[in-house]
Colleague: 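Attaching a single structure in structure tokens format; questions to follow.
Numbers here are sequence positions counted from 1. Reckoned from all heavy atoms, side chains included, excluding hydrogens, waters and symmetry mates.
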Amino acid sequence: MIRPDKHYLYYLFLLVMEALIGALIIMSQGDRYMQLVYGLFAAIIYVVWGIIHHLINHTLHKKVVIEYLLMGAVGVSVLYFFLR
């Protein structure tokens, strides 16, 4: 039997926030500056969400923070190069 993850609300919140920001990026077609700003905002939300999630679960370490920061930076970099 598959047990539901006890953290599903955390992941649901992240999914909804990123989907809303993704919709903003799609709706601002043609305005590359705003798309990049929304992408940066999405990365910031992802990093903050990850840090808070690990802080609540007492699993926050320096390596975890660095990982979330690097993944956010990679996401913004990919978006930047696609928008060029």
Colleague: Which pair of non-hydrogen atoms, one from V65 and one from L60, has the smallest distance, and what is that distance?
Modeller: CG2-CD1, 3.6 Å

Colleague: Quick check on the hydrophobic clustering: are V64 and L70 connected, directly or via other members, by side-chain heavy-atom contacts under 4.5 Å?
Modeller: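 No; L70 is not reachable from V64 via cluster members.
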
Colleague: Strictly by side chain to side chain donor-acceptor pair (under 3.5 Å), give each pair with a member in residues 65-84 just once, sequence neighbours left out.
Modeller: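 Counting only pairs at least two positions apart or across chains, the side chain to side chain donor-acceptor pair (under 3.5 Å) contacts touching residues 65-84 are H54-Y68.
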
Colleague: To the nearest 0.5 Å, tell me how far I51 CD1 sits from I56 CD1.
Modeller: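 Nearest 0.5 Å value for the CD1-CD1 distance: 12.0 Å.
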
Colleague: Hey, what do you get for CG (L14) to CE (M17), rounding to the nearest 0.5 Å?
Modeller: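 With rounding to 0.5 Å, CG (L14) is 9.0 Å from CE (M17).
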
Colleague: Members other than V78 in its cluster, when Ile, Leu, Val, Met, Phe, Trp, Tyr link by side-chain heavy atoms under 4.5 Å?
Modeller: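 So far as hydrophobic clustering goes, V78 is joined with V74, F82.
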
Colleague: For the residue pair Y11 and W49, does the interplanar ring angle fall in the parallel (under 30°), tilted (30 to 60°) or perpendicular (over 60°) class?
Modeller: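 Ring orientation of Y11 relative to W49: tilted.
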
Colleague: Would you give the length of the straight line joining atom OH of Y10 to atom CG of N57, rounded to the nearest 0.5 angstrom?
Modeller: 5.5 Å

Colleague: How close do Y46 and M71 get, counting heavy atoms only, and between which atoms?
Modeller: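 Minimum heavy-atom contact is CE2-CB, 4.0 Å.
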
Colleague: Less than 3.5 Å apart, which donor and acceptor atoms pair up between the side chains of residues 31-45 and the rest of the protein, not counting sequence neighbours?
Modeller:
unit_1	atom_1	unit_2	atom_2	d
R32	NE	L83	O	3.2
R32	NH1	L83	O	3.1
Q35	NE2	I25	O	3.1

